[in-house]
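In what follows, a structure is listed as structure tokens, so that the remarks can point back to it.
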Amino acid sequence: MTAGLLTAGAALALAGLAFVTPAPTSAPITPVLTAKASGKLGIGVTRDGRPLITAERMVPGSRRGGNVRVRNRGMRAVKLALVRRRIAQAAGPAGGLLSQVLRIKVKRYVRRGGRLRKKTVFQRRISRMPRRGLGRLEPGASRRFRVSLRLPDGGTPPGLHEGDNAFQGAQLGVDLVWQAEPVRPR
Amino acid sequence: MRAPGLLLILLAVLVPATTTAAFTDQTSNAANSFAAAANFCPLAGTQTYTAQADAKLEQGPNGNDNYGSTNRLEIRSASLLLGIGPRNERSVLSFNLPALGTFCQVTAATLTLKVDTATTGRTLLAQRVTGSWTEGGVTWNNQPSTTTSNQASTTSTSSNDVWTVTTLVQSIYSSGQNNGFLVRDQSENTSLGSLIGAPTQVLFSREVGTAADRPKLAVTFD
């Protein structure tokens, strides 16, 4: 138990360390902050602890996203996963909840033929995304993703407070957690 | 006997947690937010537009004359007297309307013309103009075509003549043709010329000096 507390204390102490990654060539992202939870594993992510997406005055069909780099700062290979945690939301005057329709899309940046491209990893309704694996990440390696949220366009609403109009004024907040679990080295 | 039992329970609870903490890591992008616009229509609310072109049309000997620059519009119901003198009069008006956009619809619209002098109690029509016209060129004899579909009517007053033109404005948007409105007496040719007091509405046009007196179209978007 004592050892566990010490480990946690060390993790908190390390959590404030910051690392800066080279600026990307095509899609600018902010420096990576590392939250290192133990001496054996540690992942860092762009805008650590802060929002990646802040979208206001969205209309049906609109999408807002952010680029993120996840880095394995530890000494072991890890399995990376993205977990949707807390959803906090407020309905608009017409009662629509964004969790009913808002879709999350995660694309991975891959370099092919010297060009940086985005490959869709997954997309689905945010309320139906509890946890999603993102593959293996070797020690010291990093991977870049684009995470976006989109309010689908449901077509012409049948009434002023129906269809897409039900979501007018609705708000949603969501925490996205990047998790790393150890895997056996190759 | 009780102490080892408690120890086992504590181990059962704490050991997995400690193990997990040592071999997993996580970090987050917390408090992402997504807020829908309070109204998807950027034009939401009532917008008022002043006429951008208007003219009266006078039947009879002046049927080829253009009155686009005068500061009055007229609506008159009168038949020809001995082949001379003015007959019926109508007026045409158009308004610059914004693009509707994907998320807007017209929920109400009123056309208001301020009265200078009036014959009250007459039924006046507002029709959607389907043909093109220009303020400086339109006359009775070349007046644009109109449609009676969804035409609006009102009863003339001595202050403002107001037509509810919601469906007409909706038609303007759905047709993609904004040629404005034509206003006229519902029952033309009812009086023998101006000599014996034909029912006439004299209304202010967009050229009048006082802006508040100019023809207005109020459109409510949502």
Side-chain angles (χ1 to χ4, degrees), chain A residues 1 3-4 7-8 11 33-38 40-61 64 66 68 70 74 78 83 85-86 92 96 98 102 147 149 151 153 160 164-165 167-182, chain B residues 3-47 98-109 166-167 169-171 173-176 219-222:
Chain A
M1 194 167 113
T7 305
L33 300 174
T34 293
K36 197 169 183 179
S38 76
K40 294 183 177 178
L41 293 178
I43 57 169
V45 65
T46 312
R47 302 183 65 80
D48 186 12
R50 291 176 292 149
L52 191 61
I53 302 167
T54 302
E56 296 179 345
R57 294 189 292 278
M58 295 292 104
V59 297
R64 187 64 56 86
V68 58
V70 184
V78 297
V83 182
R85 285 275 169 81
R86 175 193 68 100
L98 286 175
L102 204 62
V147 181
L149 296 173
L151 178 60
D153 185 350
L160 290 178
D164 287 347
N165 286 340
F167 303 105
Q168 291 180 144
Q171 298 178 33
L172 179 142
V174 60
D175 292 346
L176 298 174
V177 177
W178 303 89
Q179 287 186 337
E181 291 179 359
Chain B
L6 279 174
L7 186 59
L8 284 173
I9 292 170
L10 276 172
L11 283 173
V13 170
L14 293 175
V15 167
T18 306
T19 304
T20 302
F23 290 99
T24 65
D25 187 20
Q26 67 179 33
T27 185
S28 69
N29 291 120
N32 298 284
S33 62
F34 194 99
N39 195 311
F40 293 154
C41 171
L43 300 168
T46 300
Q47 318 288 336
L100 196 53
T102 307
F103 303 110
C104 294
Q105 55 185 308
V106 174
T107 57
T166 308
T167 52
V169 175
Q170 289 169 340
S171 297
Y173 277 110
S174 62
S175 68
V219 184
T220 303
F221 299 96
D222 204 341

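The model shown is predicted, which means the values in this text are computed figures rather than measured ones. Every chain is numbered from 1 and lettered A, B, ... according to where its sequence line falls, protein lines coming before strand lines.
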So, taking the atom named [atom1] in [X] and the one named [atom2] in [Y], what distance separates them when rounded to the nearest 0.5 Å?
| X | Y | atom1 | atom2 | result |
| --- | --- | --- | --- | --- |
| A/L151 | B/F34 | CG | CZ | 5.0 Å |
| A/D175 | B/N29 | CG | CG | 9.5 Å |
| A/I53 | B/S33 | CD1 | OG | 9.0 Å |
| B/S28 | A/Q179 | OG | CD | 10.5 Å |
| A/I43 | B/D25 | CD1 | CG | 5.0 Å |

Checklist entry - What part of A/L98 is in contact with chain B, defined as an atom under 4.5 angstrom from a non-hydrogen atom: side chain, backbone, both or neither? => result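 When you check distances to chain B, only side chain atoms of A/L98 fall under 4.5 Å.
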Checklist entry - Do B/N32 and A/L176 touch side chain to side chain, with heavy atoms closer than 4.5 Å? => result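 Yes, side chains in contact.
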Item to check | Note, B/F103 side chain near A/N165 side chain (heavy atom, < 4.5 Å) | outcome: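 Counting from C-beta outward, B/F103 and A/N165 never come under 4.5 Å.
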Next on the checklist: Below 4.5 Å, heavy-atom pairs only: which of B/P42, B/A38, B/A35 has the largest tally toward chain A?
Outcome noted: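 So the answer, after comparing B/P42, B/A38, B/A35, is B/A35.
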Next on the checklist: Please rank A/P60, A/G92, A/G173, A/G169 by heavy-atom pairs under 4.5 Å with chain B and give me the top one.
Outcome noted: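 Heavy-atom pair counts peak at A/P60.
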Next on the checklist: Out of A/A170, A/G61, A/G66, A/P51, return the one with the most heavy atom pairs under 4.5 angstrom to chain B.
Outcome noted: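 Ranked by contacts with chain B, first place is A/P51.
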Item to check | Heavy atoms from other residues, nucleotides or ligands near CZ of A/R57 exceed 12 (cutoff 6.0 Å) | outcome: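 No.
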